[in-house]
Amino acid sequence: MRMQVLGICLLTASVALAASPQNGASRITHEETVVRNAYTLLLPGALAAQGRSATPLTQDKVQGATAEFTSFDRIREIGTFRITNTSNKDITAYTVARIVTFQNGQSQWSETMKDFGPSSLGAALHPGAVEEIEVNVKFPNVEATAKVTAVVYADLTCEWSDSEALGRIEDHRKSMVIMEGIRVEAIKAALAESANDHPGAKAASIIRQRIPTDQASVEALVKREKLSPFAHPSSSGVSPGYMEDDAKKLEHETKEAIRAGRSERDYLSDQLEYAEKQYQAEREYAQIRRQP
């Protein structure tokens with residue numbers, strides 16, 4: 001997923017579709033999809049009530065990538081859009097805005113965000129590369145458009161036509177710093193209890209205890225990590241589900257290590273070394289440099 005900078009302005013791609021009338025007042029809905037390291041989570045649709053225009057695809061400030069719908073499956077109500085890296089740098093995150101317009105003028109707006117994870121992991125959309133993503137598309141409609149609204153490059157520079165979209169990438173990366181920091185803290189605390197024969201279970205328990213339960217607890221974690229406040233606090237991406245999965249994974253892996261004849265404490269020490277490296281990588285990865 002990479003491309004060369006060809007000096008091409010991001011184009012809004014349009015696909016005309018046969019349609020029949022659809023009833024109902026004009027409305028805008030929002031779906032935010034985050035894809036990271038093959039892990040997809042659906043975040044709350046917090047934008048629908050913000051009065052977003054039904055035609056947000058008018059400004060072309062992103063020159064490093066293009067998006068266009070390439071095919072539609074009417075039976076499954078699935079559309080496929082293609083994103084191309086037209087820059088000369090690796091892209092490590094992007095957002096694509098989509099608008100579906102119905103025959104009666106009703107429009108539906110949605111957004112897909114993809115973040116590949118720290119550049120040290122090697123995943124990115126390389127210069128000249130293309131990837132396709134399937135999304136839900138309601139039928140019948142007369143037109144579907146797609147446009148890249150923000151990109152972040154491996155050198156942490158970025159381009160955007162929608163500041164809020166870039167803010168969601170920034171928020172997602174901050175949330176990963178917080179969650180990796182909690183993992184490091186939990187493993188360290190568990191290993192510090194020398195009398196505990198099952199530090200893996202203890203670490204998992206601490207992770208669960210640290211799961212933020214309200215906005216105040218999220219803000220406290222932001223301050224502890226010395227991060228700037230979330231641009232969209234109501235959908236910060238500090239995911240209880242992600243952290244619970246992490247706790248379960250830690251419990252499972254320590255049990256597997258014991259079955260394989262390894263010391264649970266030795267295994268957890270190895271995990272701490274990895275977690276600390278990941279935490280530092282996430283901290284660096286979150287330092288996106290906005291340019292005027």
Side-chain angles (χ1 to χ4, degrees), residues 34 36-41 43-44 92 115-123 156 169-288:
V34 178
R36 188 168 198 188
N37 301 336
Y39 181 74
T40 303
L41 49 135
L43 302 182
T92 56
D115 188 355
F116 291 86
S119 302
S120 58
L121 300 178
L156 299 178
I169 295 176
E170 292 170 325
D171 283 359
H172 176 62
R173 293 190 177 186
K174 291 172 191 175
S175 73
M176 294 303 297
V177 173
I178 289 171
M179 290 187 285
E180 289 296 336
I182 290 173
R183 191 170 200 268
V184 168
E185 176 188 45
I187 296 174
K188 281 184 176 180
L191 289 173
E193 296 185 6
S194 57
N196 191 328
D197 294 330
H198 300 288
K202 179 64 176 180
S205 174
I206 293 172
I207 289 173
R208 292 186 175 103
Q209 291 170 15
R210 298 290 191 274
I211 293 175
T213 56
D214 53 32
Q215 194 55 42
S217 58
V218 171
E219 290 173 358
L221 290 169
V222 168
K223 289 180 180 179
R224 188 188 72 173
E225 294 292 347
K226 298 180 179 179
L227 299 169
S228 59
F230 281 108
H232 306 286
S234 62
S235 57
S236 66
V238 178
S239 168
Y242 181 97
M243 294 177 66
E244 175 61 28
D245 287 346
D246 192 38
K248 289 179 179 178
K249 183 172 181 285
L250 198 56
E251 287 175 327
H252 173 74
E253 288 181 348
T254 51
K255 290 176 182 178
E256 289 299 309
I258 293 171
R259 291 192 187 98
R262 289 197 64 187
S263 159
E264 184 174 342
R265 189 167 290 275
D266 287 347
Y267 172 79
L268 207 59
S269 295
D270 290 344
Q271 284 296 300
L272 176 60
E273 181 179 357
Y274 171 80
E276 288 178 325
K277 289 179 180 178
Q278 187 68 16
Y279 170 64
Q280 291 302 322
E282 294 287 0
R283 287 199 65 86
E284 294 174 9
Y285 192 59
Q287 303 305 311
I288 297 172

### Query
Counting N and O atoms only, with roles assigned by atom type, does the side chain of R173 sit under 3.5 Å from a partner on the main chain of D115, one being a donor and the other an acceptor?
no
#### Entry: Spacing of E170 atom CD and Q287 atom CD [to the nearest 0.5 Å]
10.0 Å
### Message
I'd like to know if the side chain of S269 pairs up with that of E273 as donor and acceptor (distance under 3.5 Å, no hydrogens or angles considered).
### Response
no
### Query
Any side-chain heavy atom of Q209 within less than 4.5 Å of one from S205?
yes
### Message
I want to check something: taking the side chain as every heavy atom from C-beta on, are P212 and M243 in contact at a cut-off of under 4.5 Å?
### Response
yes
#### Entry: Gap separating the CD1 atom of I187 from the CG atom of D270, nearest 0.5 angstrom
10.5 Å
### Summary
Looking only at heavy atoms, the pair that brings F230 and V222 closest together is CE1-CG2, 3.4 Å
### Task
Measure the OG-CG distance between S175 and L221 for me, rounded to the nearest 0.5 Å.
11.0 Å
#### Entry: Note, D246 side chain near R183 side chain (heavy atom, < 4.5 Å)
yes
### Non-hydrogen side-chain atoms of I178 and I182 separated by less than 4.5 Å
yes
### Message
Do L250 and L268 make a side-chain contact, defined as non-hydrogen atoms from C-beta onward lying under 4.5 Å apart?
### Response
yes
### Query
Atom CD of E282 and atom CD of Q280: how far apart are they, to the nearest 0.5 Å?
10.5 Å
### T92 backbone acceptor or donor facing Y285 side chain under 3.5 Å
yes
### Task
Starting from the C-alpha separation in whole Å, work towards a yes-or-no answer on side chain to side chain contact (heavy atoms under 4.5 Å, CB included) for H198 and K255.
CA-CA 9 Å; H198 300 288; K255 290 176 182 178; over 6 Å; no
### Shortest non-hydrogen separation from L156 to E284 and the atoms involved
CD1-O, 3.2 Å
### Message
Any salt bridge linking E256 with R259? Criterion: basic side-chain nitrogen under 4.0 Å from a carboxylate oxygen.
### Response
yes
### Summary
Correct closest heavy-atom pair for A190 and R265 would be O-NH1, 4.3 Å
### Summary
Heavy-atom nearest pair, K202 first then N196, reads CB-ND2, 3.5 Å
### Query
Is any side-chain heavy atom of E264 less than 4.5 Å from a side-chain heavy atom of P199?
yes
### Task
Answer yes if the side chains of Y279 and E225 hold a donor-acceptor pair under 3.5 Å, and no otherwise.
yes
### Query
Counting only N and O atoms by type, is there a donor-acceptor contact under 3.5 Å from the side chain of Q278 to the main-chain atoms of E180?
no
### Message
I'd like to know if the side chain of K188 reaches the main chain of L272, judged simply by a donor and an acceptor atom lying under 3.5 Å from each other, with no hydrogens or angles considered.
### Response
no
### Message
Please check this pair: side chain of Q271 against backbone of Y267, looking for a donor-acceptor N/O pair closer than 3.5 Å.
### Response
no
### Message
Taking the basic N atoms (NZ, or NE/NH1/NH2) and the acidic carboxylate oxygens, is any pair closer than 4.0 Å for R224 and E185?
### Response
yes
